Amino acid sequence: MKILFLDQSGKPGGAELCLIDIAKPYRDRSLVGLFADGDFRKLLQQHDIPVEILANQPIQVRKQSNFLQSLASVGQIAPLLAKVVQTAKKYDVIYANTQKALVIGALASFLARRPLVYHLHDILSSEHFSQTNLRIAVTLANYFASLVIANSQASQTAFVQAGGQEKLTEIVYNGFDSQNYQTSEFEVKKIREQLGLEGKFVVGHFSRLAPWKGQHILIAALSECPPEVTVILVGDALFGEQDYVQQLHEQVAKLGLENRVKFLGFRADVPQLMAACNLVAHTSTAPEPFGRVIVEAMLCGKPVVAAKAGGAIELVEHGVNGFLVTPGESQELAQVINTCVAETEMTASIANRGKAIASVRFDIVAINQQIAKLLNQLSDDYKPTNSRDSKSVS
Ligand code: UDP
Ligand code: GLC
């Protein structure tokens, strides 16, 4: 099957890193079309996945755009749509990996008469999106998509609650190759030396710097932990959240934590850095759709504490394979960190269990088989001439 994957981003967020794993098995006969250039394009090339930048300029609609702003973008999307339609005719399926890709992919699916798959990486709720964007996404998915792959039960539920058709949906978790998360003791020692972390209890946070990812909650918690506890913040402001970065630095200075918080920026060596941590914290203040970092921490054999909402609840069972805390509650987070500092044996056994479960449950080979099966069914079922008639329109 020849697939045209579409993604709006030039930057490597979680949805884009997931797409690398999905596109890889199809790389000899597929194309990833991006709506912006950037490091994601380079990563795809490193994995020998054919990639083309389809837009001359990035589309300006933001997650919280209103109706008028959305309309204004129509002028920008016409040339992109024409390019996507022309390209799509050379492929069997259009696979939209982001919301703007859904908008273009839906129209292209109609014009090029190709089935559309929408990989839903978001929780379609008002905490994350404007009403306009929610309505556009759900309506387009209902009307044009033959399949909606939700990255968690939480994303699927939100889609249905927002008016999405349940029968279109299938839940498929992100897959991971556990081999990529093995790091030698020697490497760990080297990283700890390089970063000046010897003798410290290191809590790692691996995420783009954005208010809803809640780095500020971890910094607040740190002020209630013993002095050997140090935080590394791994990730960058990928989507222009410079004010938040400034606020984080001010918060660190105000609490006198300059020597205990390290901002490492975006890093390509996440598994190695995770291996150098004693605990990985996930602190999203809004429900996380899936949360790749939670699974990655488990695969690295590290204990993980996650904010109890969204997809995280599906990944972590408190006290079994990790810890859950109330989102936004820094004191509760501090308590868990302090428990992990004190009770190393109990914490290690939870981490070991987390690793064993995650390496089976999120195995990339099994997940890719699940996706291949869904895509094959799709090509068997798709009849461009009558499929629209058989669907109800919301
Ligand atoms: N990541 C990375 N380098 C960084 C920070 C994060 O490669 O400096 C990766 C991280 O390992 C994870 C992804 O970015 O695979 C983030 O995905 P997640 O699902 O956790 O959150 P998202 O940012 O997609 O909402
Ligand atoms: C999105 C979500 C994140 C998820 C990733 C991969 O970026 O924000 O929670 O893990 O997609 O599905």
Side-chain angles (χ1 to χ4, degrees), residues 2-65 69-70 72-91 93-109 112 114 116-122 133 137 174 206-210 213 234-242 244-245 264-270 292:
K2 293 163 76 183
I3 307 177
L4 174 62
F5 295 98
L6 297 176
D7 192 295
Q8 71 203 43
S9 181
K11 296 180 181 169
E16 287 68 36
L17 295 173
C18 173
L19 183 62
I20 293 178
D21 290 322
I22 291 171
K24 221 184 222 176
Y26 298 94
R27 64 186 164 190
D28 59 341
R29 60 212 124 115
S30 295
L31 176 70
V32 178
L34 301 183
F35 301 172
D37 198 2
D39 289 341
F40 179 39
R41 192 241 318 142
K42 292 182 198 155
L43 271 179
L44 286 161
Q45 286 168 334
Q46 279 165 23
H47 288 270
D48 292 324
I49 299 169
V51 55
E52 199 180 318
I53 312 300
L54 300 173
N56 297 328
Q57 57 181 87
I59 309 176
Q60 295 304 342
V61 188
R62 294 194 166 274
K63 275 187 163 185
Q64 297 298 343
S65 295
Q69 287 163 328
S70 300
S73 65
V74 169
Q76 292 174 320
I77 66 179
L80 171 61
L81 176 60
K83 184 87 189 273
V84 172
V85 171
Q86 187 195 18
T87 311
K89 289 183 179 157
K90 292 180 245 160
Y91 294 87
V93 175
I94 301 174
Y95 192 112
N97 198 52
T98 56
Q99 285 212 39
K100 291 174 201 168
L102 168 67
V103 175
I104 301 291
L107 300 174
S109 144
R114 293 293 183 273
L116 173 74
V117 175
Y118 175 35
H119 197 139
L120 175 62
H121 293 278
D122 294 305
N133 283 356
N174 282 212
F206 298 78
S207 178
R208 55 205 164 84
L209 303 178
K213 289 294 188 177
V234 182
D236 216 340
L238 287 189
F239 303 107
E241 299 91 344
Q242 288 312 325
Y244 183 60
V245 178
L264 302 187
F266 184 88
R267 300 273 299 228
D269 56 347
V270 165
R292 289 175 62 84

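These numbers come from a predicted model, not from an experiment.
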Pairwise side-chain contact, [X] with [Y], heavy-atom cut-off 4.5 Å (strictly under):
X	Y	result
Gln99	Tyr118	yes
Ile3	Ile94	no
Arg208	Asp236	no
Asn97	Leu6	no
Glu241	Leu209	no
His119	Tyr95	yes
Val93	Leu4	no

Where do [X] and [Y] come nearest, in terms of heavy atoms and distance?
X	Y	result
Phe5	Ser30	CE1-CB, 4.0 Å
Arg27	His47	NH1-O, 2.7 Å
Ala112	Ala88	CB-CB, 4.0 Å

What's the separation between atom [atom1] in [X] and atom [atom2] in [Y], rounded to the nearest 0.5 Å?
X	Y	atom1	atom2	value
Leu102	Gln8	CG	CD	10.0 Å
Lys83	Leu81	NZ	CG	12.5 Å
Asp122	Thr98	CG	OG1	8.5 Å

- Task: Could you tell me which residues satisfy side-chain hydrogen bond (donor to acceptor under 3.5 Å, both in side chains) with Arg29, sequence neighbours excluded, listed by chain and number?
- Result: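 Residues passing side-chain hydrogen bond (donor to acceptor under 3.5 Å, both in side chains) with Arg29: none at all.
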- Item | Expected output: side-chain Arg114 to main-chain Tyr91 donor-acceptor under 3.5 Å |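 Answer holds: yes.
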Please list every donor-acceptor pair under 3.5 Å in which a side-chain atom of residues 10-23 meets a protein atom from a residue at least two apart or in another chain.
from, atom 1, to, atom 2, distance (Å)
Lys11, NZ, Leu238, O, 2.6
Glu16, OE1, Gly13, N, 3.1

Please list every donor-acceptor pair under 3.5 Å in which a side-chain atom of residues 32-43 meets a protein atom from a residue at least two apart or in another chain.
from, atom 1, to, atom 2, distance (Å)
Asp37, OD1, Arg41, NE, 2.8
Asp37, OD1, Arg41, NH2, 3.4
Asp37, OD2, Arg41, NH2, 3.3
Asp39, OD1, Lys42, NZ, 3.3
Arg41, NH1, Gln45, OE1, 3.0

- Take Leu31 and Glu52 through the test side chain to side chain contact (heavy atoms under 4.5 Å, CB included) and record every step on the way to the result. CA-CA 7 Å; Leu31 176 70; Glu52 199 180 318; 3.8 Å; yes
